[in-house]
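These notes concern the structure reproduced below.
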Amino acid sequence: MSGSANDALREAIDRLIDAPAPPGAQALAQALRARHGDTVAAVLFYGSNFRRADDREGLLDLYVLVDDCRAALGSGPSALACRLLPPNVYYLELPLADRIVRCKYALLELAVFGRYMTARQSYFWGRFGQASGLLYARDAAARQQVMRALAQAVLTLLGRALPLLPNEVDEATWWQTALAACYGAELRPERPGAVAGLVRDLAPWRERLTPLAAACLAGVQRQDGHYRITLAPGRRRLGRLGWTVRRLLGKTLNVARLVKAAFTFAGGADYLLWKVERHSGVRIEPTPLLRRHPLLGIWGVAWRLWRRGGFR
């Protein structure tokens, strides 16, 4: 990839991440800085609420990037869990005028965030190859680190999808293939058509970034609004095998993260079941065992959800 092409991608992202944020998101970011102190380097806003610029429905999705998770969380098990299986997930609600704003936020170290944008698992780059906004950056250096990580996420998302594509593809199909593969590598309940809707929502982001990303990727040429993909057969086979491994790894790590979140996320069991119902229509009532002992109760509930199609 040429340095100038990569620089152009980063500069485009640098402009896009300053999208206006609703007051609830800004207030939550300020409260999170107060909660976790000077180690907070940046706060990102992403997900469906970000795309709609909405702070009134559901939970906002935020990422808190810190210099050191021990400084942010203390020296106990939470800091250790954040290092062993990032990110840690927490809940925060805040009064704002005549209403309450709520968020689910992930916390991890900024350096780790950057490294995971080229990881085998798609958990991080599958999310942050999509649109996001920067609510706070402590200084220019922190902003640069975030911008580099987001640019790499776009390259990884689109680059890892190349073996799944035909020899010629339009922009929307490229993104839909990439995002569908990422969803398939996680226990993420979504209704049919959800990925197509997401691709439509991402139009301003993908239309600006796809040509710039394509210029950075080997084997891709832009031709008359389409993209020609030229891959050696061995590279295509190896890339598809990588997605098989990614699906196995991603689903295993998702289960581990769900179990861990049951101990860090207030009302985590109820939120998980609400999220599944919202996306798949499958409703399961939380059991007393799940509420009292999440580590034990999650397995039976997960099996029932799987049997009824909650994770398909």
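Every value quoted in this text rests on a predicted model; they were computed, and no experiment measured them.
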Next item on the list: Taking side-chain contact (heavy atoms from CB on, under 4.5 Å) as the test, write out the residues that go with Ala181, two or more places apart.
Entry: Leu164, Trp243
Checklist line | Point-to-point distance, once rounded to the nearest 0.5 Å, from CZ of Arg138 to OH of Tyr136 | finding: 6.5 Å
Check: Say you draw a straight line from CG of Leu209 to CG of Leu16; how long is it, rounded to the nearest 0.5 Å?
Finding: 5.5 Å
Report all side-chain donor-acceptor pairs from residues 220-227 shorter than 3.5 Å, counting only partners two or more places apart or in another chain.
none

Note to self: Using the rule given for side chain to side chain contact (heavy atoms under 4.5 Å, CB included), can you reason through Arg228 versus Asn167, listing the C-alpha separation, both sets of side-chain angles and the distance that settles it, and then say yes or no?
What the structure shows: CA-CA 6 Å; Arg228 183 138 190 96; Asn167 291 333; 4.3 Å; yes
Notebook entry, point to check: Is Tyr46 linked to Leu155 within one hydrophobic cluster, defined over Ile, Leu, Val, Met, Phe, Trp and Tyr using a side-chain heavy-atom separation of less than 4.5 Å?
Noted result: yes
Notebook entry, point to check: Which pair of heavy atoms, one from Gly24 and one from Leu96, lies closest together, and at what distance?
Noted result: CA-CD2, 3.6 Å
Next item on the list: Examine Phe128 together with Tyr63 and report whether their ring centres are nearer than 6.0 Å.
Entry: yes
Margin query: Considering only residues two or more places apart or on different chains, which pairs with a residue in residues 19-43 satisfy side chain to side chain donor-acceptor pair (under 3.5 Å)?
Written below: Arg35-Tyr105, His36-Tyr105
Notebook entry, point to check: Is the shortest side-chain N to carboxylate O distance from Arg83 to Asp68 below 4.0 Å?
Noted result: yes
Next item on the list: Check the pair Tyr91 / Lys104 against side chain to side chain contact (heavy atoms under 4.5 Å, CB included), numbers first and verdict last.
Entry: CA-CA 5 Å; Tyr91 173 81; Lys104 170 174 63 74; 5.7 Å; no
Next item on the list: Identify the heavy atoms of Val199 and Ala172 that sit nearest to each other, and give their distance.
Entry: CG1-O, 3.9 Å
Next item on the list: Sequence neighbours left out, what pairs pass side chain to side chain donor-acceptor pair (under 3.5 Å) with at least one residue falling in residues 201-210?
Entry: Glu171-Arg206, Trp175-Thr210
Next item on the list: Under the side chain to side chain contact (heavy atoms under 4.5 Å, CB included) rule, what do Leu65 and Leu108 come out as? Steps first, then yes or no, please.
Entry: CA-CA 5 Å; Leu65 303 174; Leu108 74 162; 3.6 Å; yes
Check: Nearest 0.5 Å, what's the SG-CZ distance between Cys182 and Arg247?
Finding: 11.0 Å
Next item on the list: May I ask you to decide if Pro163's main-chain N or O and Arg236's side chain share a donor-acceptor pair within less than 3.5 Å?
Entry: yes
Margin query: Using a strict threshold of under 4.0 Å (side-chain N to carboxylate O), is an ion pair present between Arg51 and Asp61?
Written below: no
Notebook entry, point to check: Taking the hydrophobic residues Ile, Leu, Val, Met, Phe, Trp and Tyr, and joining any pair whose side-chain heavy atoms are under 4.5 Å apart, which ones share a cluster with Leu84?
Noted result: Leu80
Next item on the list: Look at the side-chain heavy atoms of Ile, Leu, Val, Met, Phe, Trp and Tyr, link any pair under 4.5 Å apart, and say whether Leu85 and Leu249 land in one connected group.
Entry: yes
Note to self: I'd like to know if the side chain of Ser78 reaches the main chain of Leu73, judged simply by a donor and an acceptor atom lying under 3.5 Å from each other, with no hydrogens or angles considered.
What the structure shows: no
Margin query: Is there a path of hydrophobic side-chain contacts, each under 4.5 Å between heavy atoms, that joins Tyr123 and Leu253?
Written below: no
Notebook entry, point to check: Only one of Pro86, Cys82, Pro87 clears side chain to side chain contact (heavy atoms under 4.5 Å, CB included) with Cys69; which?
Noted result: Cys82
Notebook entry, point to check: Listed by chain and number, what are the side-chain contact (heavy atoms from CB on, under 4.5 Å) partners of Ala25, not counting sequence neighbours?
Noted result: Ala21, Pro22, Phe45, Leu60, Leu135
Note to self: If I take atom CZ from residue Arg102 and atom CG from residue Leu59, how far apart are they, to the nearest 0.5 angstrom?
What the structure shows: 7.5 Å
Item checked: Euclidean distance, Arg160 CZ relative to Leu162 CG, rounded to 0.5 Å -> 11.0 Å
Next item on the list: Locate the shortest heavy-atom distance separating Ala213 from Leu158; write the atom from each residue and the value.
Entry: CB-CD1, 3.8 Å
Notebook entry, point to check: Quick one: does Ile100's side chain get under 4.5 Å of Leu94's, heavy atoms only?
Noted result: no
Notebook entry, point to check: Roughly how far, to the nearest 0.5 Å, is the CZ atom of Arg127 from the CG atom of Leu44?
Noted result: 13.5 Å
Note to self: Within the structure provided, determine whether Glu168 and Ile229 are in side-chain contact (heavy-atom separation under 4.5 Å).
What the structure shows: no
Note to self: For a quick test of reading the model, state the closest non-hydrogen atom pair linking Gln121 to Tyr116 and the distance between them.
What the structure shows: NE2-CE2, 3.5 Å
Margin query: Before you tell me yes or no, could you show the steps for Tyr183 and Leu198 under side chain to side chain contact (heavy atoms under 4.5 Å, CB included), namely the whole-Å CA-CA distance, both residues' side-chain angles and the distance that decides it to 0.1 Å?
Written below: CA-CA 12 Å; Tyr183 274 83; Leu198 173 57; 3.6 Å; yes
Next item on the list: Search all heavy atoms of Cys103 against all heavy atoms of Leu28 and return the closest pair with its distance.
Entry: CB-CD1, 3.7 Å
Item checked: Shortest non-hydrogen separation from Ala142 to Ala41 and the atoms involved -> CB-O, 3.5 Å
Notebook entry, point to check: Can you tell me if Asn49 uses its side chain to pair, donor with acceptor, with the backbone of Glu57 under 3.5 Å?
Noted result: yes
Check: Do we see a donor-acceptor contact under 3.5 Å between the side chains of Thr173 and Asp170?
Finding: yes
Checklist line | Worked verdict on Asp18 versus Arg143 for salt bridge (charged side-chain N to carboxylate O under 4.0 Å, His left out) | finding: CA-CA 11 Å; Asp18 284 331; Arg143 184 184 179 94; 2.7 Å; yes
Next item on the list: Look only at the side chain of Trp125 and the backbone of Gln152, and say whether a donor-acceptor pair between them is shorter than 3.5 Å.
Entry: no
